[in-house]
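Being a predicted model, the structure only gives us computed values, none of them experimental. Letters A, B, ... are given to chains in the order of the sequence lines, protein chains preceding strands, and every chain is numbered from 1.
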Protein chains: 2
Amino acid sequence: MGEIRILLVDDHPVVRAGLRAMLTEFEGFTVVAEAPEGGAAVKEVQRLAVLGEPVDVVLMDLQMGGGMDGVSATKALKELPDAPPVLILTTYDTDADILAAVEAGASGYMLKDAPPEQIRSAVQSAAAGQTALAPEVAARLMGRIRNPAPVLSAREVELVELLSTGMSNKAIAKQLFISEATVKTHLVHIYDKLGVDNRTAAISVAVSRRIIRSAG
Amino acid sequence: MGEIRILLVDDHPVVRAGLRAMLTEFEGFTVVAEAPEGGAAVKEVQRLAVLGEPVDVVLMDLQMGGGMDGVSATKALKELPDAPPVLILTTYDTDADILAAVEAGASGYMLKDAPPEQIRSAVQSAAAGQTALAPEVAARLMGRIRNPAPVLSAREVELVELLSTGMSNKAIAKQLFISEATVKTHLVHIYDKLGVDNRTAAISVAVSRRIIRSAG
DNA sequence: CCTGCGATCAACCTTTTGGTTGATGACGCT
DNA sequence: AGCGTCATCAACCAAAAGGTTGATCGCAGG
């Protein structure tokens with residue numbers, strides 16, 4: 001019944017154009033709005049709701065340069081009355097934000113390099129209120145839920161960030177106004193949780209799990 | 001005079017669709033072929049040349065999952081008779097392959113999140129045989145040429161790779177069949193070249209300069 | 001109320017790194 | 001032949017990191 005009304009959220013004009021082109025080629029899809037970041041997306045959803053032309057599905061990128069990031073935007077959208085389903089689109093299936101996004105209420109998670117057909121069916125499922133996960137992502141998620149990776153506390157992430165700049169324990173201690181002993185204790189816990197036994201391996205794992213971002 | 005005939009090379013269907021949509025909206029641009037990786041791109045260029053419908057500009061992504069990467073493909077294309085200009089498209093303006101691609105003969109370098117207008121004029125310049133660089137990229141390149149970053153030797157890169165797994169000097173020495181003393185000497189040189197003074201900072205810099213890739 | 005967890009700190013000891021100096025052989029370029 | 005670079009190694013010392021044990025405090029959840 002009727003068209004599926006879609007809002008695209010991505011900071012790359014090229015990607016937005018690609019999704020628009022790809023989706024409008026299929027029957028029954030209309031891209032009714034676009035936004036370059038989360039804040040604008042929320043406003044668009046509200047605006048269209050007021051106009052009586054509500055959005056049926058939001059396609060949301062996770063990595064966005066400026067403005068509100070994908071996870072926050074998903075959270076914000078889900079707090080609206082008549083919140084639309086949010087389908088997350090991302091480049092990396094290793095993204096640490098997968099869990100965060102799903103917990104924030106995303107109904108699905110697709111990789112950007114998925115074939116058009118897969119994207120089409122994911123949007124359709126999401127619009128129908130179902131959950132749509134890319135097989136790779138689903139498998140990964142299930143694995144994590146069965147064997148959950150320990151989550152670093154906020155303080156620990158802070159430590160890892162400083163760690164990755166190459167600071168010594170003493171320097172980190174000074175920066176955070178804590179003792180060197182405390183820094184060492186935190187590090188032991190971090191090593192435990194990341195399954196490593198030294199700082200070098202820790203930042204390597206942290207980068208590949210996208211706990212921290214490497215400048216770029 | 002006439003249409004500018006374009007070949008798109010990118011492993012993401014979404015990005016290809018976006019570029020195609022974006023470019024065909026402008027006057028005078030035709031996307032005559034697409035390829036998901038470098039090898040196919042080379043074949044396409046040859047095929048079209050034989051048909052008497054040569055490609056005027058190749059738009060090439062650097063990061064491609066499978067097959068021939070962007071730098072190799074650029075090199076291969078430039079060895080063809082009547083090689084078309086290659087315009088590199090990438091996500092990261094910090095990419096260490098910038099230099100490699102330009103050295104391989106790319107006539108320009110654009111960021112994927114550039115506004116459509118900028119992409120249009122870059123393609124036009126490239127087709128006209130001129131060089132087209134995004135301002136950010138140009139500045140960065142000039143900076144590097146004036147103040148060239150010391151290049152790690154092959155052996156040193158090997159060291160950094162092992163380093164990033166968190167191995168100790170002793171373990172690295174064993175792995176490479178050299179003494180621990182030699183490992184330390186190499187490390188001192190690496191620290192020098194990267195402008196850091198410990199292994200943790202070194203791998204951080206190495207990752208952000210894409211000297212090594214972090215799994216993901 | 002008790003338990004668990006996160007954050008904080010101390011003291012002690014071992015291992016690893018980092019910094020320095022100096023030396024050798026191989027290779028390529030001029 | 002001489003120069004520079006790369007890769008190799010040694011010995012020594014100071015600084016940093018890692019490992020262990022044990023302790024205090026506050027807060028959230030059952």
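Atom CD1 in A:Ile190 sits roughly 9 Å away from atom P in C:dA7 (whole-Å rounding). The distance from atom CD1 of A:Ile203 to atom P of D:dA17 is 13 Å, rounded to the nearest whole Å. Residue A:His189 contributes atom NE2, which lies 15 Å from atom P of D:dG22 at whole-angstrom precision. Rounded to whole Å, atom C1' of D:dA16 lies 14 Å from atom NZ of A:Lys174. The CG atom of A:Asp192 sits 16 Å away from the C1' atom of C:dA7 (whole-angstrom rounding). Rounded to an integer number of Å, the gap from A:Lys170 NZ to C:dA10 P is 14 Å. Atom CD1 in B:Ile172 sits about 15 Å away from atom P in D:dA7, given to the nearest Å. For the pair B:Glu156 CD and D:dC6 C1', the computed distance is 8 Å after rounding to whole Å.
Although no hydrogens or angles enter the test, the distance criterion places no donor-acceptor pair under 3.5 Å between the side chain of B:Lys174 and the main chain of B:Ser179. Of the possible polar contacts, none joining the B:Ser204 side chain to the A:Thr165 backbone as a donor-acceptor pair under 3.5 Å is found.
For the atom pair CD (A:Gln175) and OG (A:Ser168), the distance works out to 11.0 Å, reported to the nearest 0.5 Å. Rounded to the nearest 0.5 angstrom, A:Arg16 CZ and A:Leu8 CG are separated by 8.0 Å. A distance of 7.5 Å separates CE of B:Met167 from CG of B:Leu176, quoted to the nearest 0.5 Å. The CG atom of A:Asp10 lies 9.5 Å from the OG1 atom of A:Thr90; values are rounded to the nearest 0.5 Å.
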Item to check | Trace of the side chain to side chain donor-acceptor pair (under 3.5 Å) decision for B:Thr182 with B:Thr185 | outcome: CA-CA 5 Å; B:Thr182 304; B:Thr185 306; 5.7 Å; no
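Of the candidates D:dA10, D:dT8, C:dT8, D:dT8 carries the atom nearest the B:Arg155 side chain, counting heavy atoms from C-beta on. Nearest nucleotide to the side chain of B:Lys193, out of D:dC6, C:dT8, D:dA16: D:dC6.
For A:His186 and C:dG6, the shortest distance from a side-chain N or O to OP1 or OP2 is not below 4.0 Å.
For the pair B:Ile178 and A:Glu180, nearest-nucleotide mapping onto DNA chain D gives the more 5' position to B:Ile178.
When heavy atoms are screened at a 4.0 angstrom cut-off, A:Thr182 is found touching base atoms of the nucleic acid.
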Next on the checklist: So if I define the base as every atom that isn't primed, P, OP1 or OP2, how would nucleotides 18-28 of chain C read as a B/S/- string at a heavy-atom cutoff under 4.0 Å?
Outcome noted: BBB--------
